[in-house]
Amino acid sequence: MRVFSLALIVLLIPMLVTTGFAINYNSYSTQKISQLTIYSQLQYDLKQVSGNKTNLYSVNYKVNGYQGATVNVSVVVNKLNITKPNNATLPISSGNYTVNLLDELLSLHYPYFLPYLMFNQTYGIYLKDATYVVYFAGNSTFKLMNQNISAYKFYLLSNASSRATQYIVLPNGILANATFAGANYTYVFTLKNYTDPIILNINSTDLGNGVSKPYLYVYSIYNQAYQTLTPDAYLEVYYPFQIGGYVAELYYLLYPQSGSALVQNVLLGNNVNFQVYFKPYNQDIITFLPSVGSNQITWSGEKVTLVNTTDLKLVNGSVVKAYLYKYSDNFSTVYVYFSMNGVLLQQMNYSYTYKTYINELSFLGNNYYPLNTTLPTLTKPSYTTLPYQAVDFNTFLIGTIIFTVVLSILIIVFRQKT
């Protein structure tokens with residue numbers, strides 16, 4: 001069977017918009033989640049298809065215990081109807097599994113999609129150990145026990161697989177159906193029943209007021225022609241929800257020079273409208289820290305060292321006291337400035353190869369501009385005092401071409417080590 005890439009799927013299937021999702025990605029308000037509802041008993045059919053031959057298995061899940069968002073699951077796989085015996089490895093096998101529902105997305109160890117990570121867009125998700133492109137393909141219906149129930153259809157592409165997989169997911173996060181390919185077989189995973197709800201209570205980490213605000217930055221890159229850092233885009237960051245010590249950090253870029261505000265970034269070879277990092281807050285490059293000022297602090301899972309306390313001139317011309325921290329590896333030194341109350345004010349990346357600062361992130365304020373922002377309200381009159389000249393069109397094109405590489409340095413410089 002031919003398997004389409006995600007890019008081709010996007011061309012073939014029209015986008016259907018729904019408003020039924022738990023989190024509105026177009027709003028910066030932060031939702032504190034203290035409970036998740038899952039189900040103790042899940043029953044599935046698993047079809048293994050090769051040509052006109054089909055093998056049928058049952059897959060039964062039982063949650064035996066849980067603590068916070070971590071569940072202990074026993075899985076039993078039984079043969080139901082085998083028409084063509086084979087030695088192929090099934091995508092799930094009988095056994096006992098421990099699953100952190102905040103670290104995994106639609107794992108067959110417990111097939112669950114955290115509802116708060118569902119958006120009706122094409123977007124990226126970074127979890128603790130995996131990266132995904134998620135394409136929302138519209139509302140769907142699923143027949144369960146002779147009843148048609150509402151569901152959502154997604155296509156997922158991960159850094160562990162070059163194939164896009166189709167999933168139908170119930171609004172409560174339970175996987176209803178998945179179709180994916182093995183080496184010589186197509187597998188169809190279909191929900192038959194789910195029972196016995198369980199409420200998981202998750203204690204939230206107190207992150208202060210920093211998590212409930214939007215953050216706007218100007219992103220600059222080194223311009224060879226001018227031999228200086230030149231503004232290239234705005235970066236909007238906010239936190240749609242928090243569960244325990246995990247924070248969802250949603251960010252996207254806006255170009256002040258182009259006719260379309262939103263910048264589509266490239267992730268796993270596909271365009272995405274925005275990206276969400278969902279990890280423990282101390283493993284992320286978040287725009288605030290609950291506490292700063294000590295000789296070493298943890299930021300994005302790395303220890304950064306205090307250099308000094310210094311005066312920092314902001315983009316709007318004001319001067320504030322800031323803590324300067326740094327982190328070095330074999331390729332670069334990253335300097336980060338935090339305000340006295342923990343706001344990320346500036347990040348600069350000095351490259352040993354180029355012997356210059358190659359990019360910079362500068363705080364503009366706690367301003368919020370949604371994905372459909374119109375540019376006049378973004379660029380005028382709020383930031384007419386930017387201490388830079390506008391980038392000409394040729395420079396803008398050059399910046400666009402190298403954008404993906406530079407952004408990865410900017411956003412993922414620490415994550416490469418985690």
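Computed from a predicted structure; not experimentally measured.
Here the side chains of T230 and S220 are not in contact, with every heavy-atom distance at 4.5 Å or above. Counting heavy atoms from C-beta on, the side chains of N316 and L364 never come closer than 4.5 Å. At least one side-chain heavy atom of I149 sits under 4.5 Å from a side-chain heavy atom of L170. Residues V59 and V75 have side chains in contact (heavy-atom distance under 4.5 Å, counting atoms from C-beta outward). A heavy-atom distance below 4.5 Å is not found between the side chains of N177 and L191. Residues L156 and V133 are not in side-chain contact: their nearest non-hydrogen atoms beyond the backbone lie 4.5 Å or more apart. Counting heavy atoms from C-beta on, the side chains of L157 and T165 never come closer than 4.5 Å. Considering only heavy atoms from C-beta on, L324 stays 4.5 Å or farther from L306 through its side chain.
Taking the six-membered ring for Trp and the full ring otherwise, F189 and Y44 have centroids separated by under 6.0 Å. A ring-centre distance under 6.0 Å is not found for Y152 and Y167. Side-chain rings of F288 and Y239 approach one another, their centers coming within less than 6.0 Å. In summary, the aromatic rings of Y251 and F274 are positioned with their centroids too far apart to meet the 6.0 Å limit. Ring centers of F278 and F241: under 6.0 Å apart, within the cut-off.
Here the closest non-hydrogen pair linking L102 and N100 is N-OD1, 2.8 Å. N367 and P214 make their closest contact through O-CB, 3.8 Å (heavy atoms, listed as atom of the first residue, atom of the second, distance). I286 and E249 make their closest contact through CA-OE2, 3.5 Å (heavy atoms, listed as atom of the first residue, atom of the second, distance). Nearest heavy atom pair, residue I202 against residue G68, reads CG1-C, 4.0 Å. Annotation for G173 and M118: closest pair CA-CE, 3.8 Å, computed over non-hydrogen atoms. Residues Y252 and P370 approach most closely at OH-CA, 3.3 Å, considering heavy atoms.
Interatomic distance, Y112 OH to L42 CG, rounded to the nearest 0.5 Å: 11.5 Å. With rounding to the nearest 0.5 Å, the separation of CD1 in I199 from OG1 in T37 is 5.0 Å. Interatomic distance, NZ of K32 versus OG1 of T205, reported as 10.0 Å (0.5 Å rounding). A distance of 12.0 Å separates CG of L235 from CZ of F363, quoted to the nearest 0.5 Å. Rounding to the nearest 0.5 Å places OG1 of T195 at 10.0 Å from OH of Y39. Considering OG1 of T356 and CG of L229, their distance stands at 6.5 Å, rounded to 0.5 Å.
Summarising the local packing, CG of N203 is surrounded by 12 or fewer heavy atoms from other residues, nucleotides or ligands at distances under 6.0 Å. Shown here is Q35, whose CD atom has more than 12 heavy atoms of other residues, nucleotides or ligands within 6.0 Å. Atom CG of N209 is surrounded by 12 or fewer heavy atoms from other residues, nucleotides or ligands within 6.0 Å.
Exactly one residue among V211, V247, T298 makes a side-chain contact (heavy atoms from CB on, under 4.5 Å) with Y281. That residue is V247. T333 pairs in a side chain to side chain donor-acceptor pair (under 3.5 Å) with only one of the listed residues (Y357, Y327, Y352), which is Y352.
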Full working for side chain to side chain contact (heavy atoms under 4.5 Å, CB included) between Y110 and I38: CA-CA 10 Å; Y110 187 83; I38 62 169; 3.6 Å; yes

Check the pair L361, Q346 against side chain to side chain contact (heavy atoms under 4.5 Å, CB included), reporting the backbone distance first and the verdict last. CA-CA 5 Å; L361 199 64; Q346 191 174 71; over 6 Å; no

Candidate pair N349 and S332, rule side-chain hydrogen bond (donor to acceptor under 3.5 Å, both in side chains), full reasoning: CA-CA 7 Å; N349 186 11; S332 65; 3.3 Å; yes

Would you sort out whether S58 and N60 count as a side chain to side chain contact (heavy atoms under 4.5 Å, CB included), showing the intermediate values? CA-CA 7 Å; S58 67; N60 296 309; 4.1 Å; yes

Residue pair D103, L127: steps toward the side chain to side chain contact (heavy atoms under 4.5 Å, CB included) verdict: CA-CA 6 Å; D103 287 338; L127 298 182; 5.9 Å; no

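Between Y185 and Y187, the ring planes are tilted. Angles from 30° to 60° get that label.
Using modelled atom types and a 3.5 Å distance limit, the side chains of N308 and T310 yield no donor-acceptor pair. Side-chain contact, Q275 with Y126: a donor N or O sits under 3.5 Å from an acceptor N or O. Looking only at atom types and distance, the side chain of S29 has no donor-acceptor partner in the side chain of Q31 under 3.5 Å away.
A distance-only check finds no donor-acceptor pair linking the side chain of Q166 to the backbone of Y155 [under 3.5 Å]. With hydrogens and angles ignored, the 3.5 Å screen pairs a side-chain donor or acceptor of S94 with a backbone N or O of V77. Formation of a donor-acceptor pair under 3.5 Å by the Y135 side chain with backbone atoms of V272 is not found in this model. Side-chain N or O atoms of N273 include none that pairs as donor or acceptor with a backbone N or O of Y123 at under 3.5 Å. Looking at Y61, its side chain does come within 3.5 Å of a backbone N or O of L108 through a donor-acceptor pair. In this structure, N72 contributes its side chain and Y66 its backbone to no donor-acceptor pair below 3.5 Å. Remark: side-chain polar atoms of Y215 are paired, donor with acceptor, to backbone N or O of G210 under 3.5 angstrom. At distances below 3.5 Å, not a single donor-acceptor pair connects side-chain atoms of E236 with backbone N or O atoms of L371. Looking only at distances, no side-chain donor or acceptor of W299 sits under 3.5 Å from a matching main-chain atom of Y325. In terms of modelled atom types and a separation under 3.5 Å, the side chain of S107 and the main chain of E104 share no donor-acceptor contact.
With sequence neighbours excluded, no residue forms a salt bridge (charged side-chain N to carboxylate O under 4.0 Å, His left out) with D129. For K192, the salt bridge (charged side-chain N to carboxylate O under 4.0 Å, His left out) partners at least two apart in sequence or on another chain are D45. Listed by chain and number, the residues in a salt bridge (charged side-chain N to carboxylate O under 4.0 Å, His left out) with K355 amount to none (sequence neighbours excluded).
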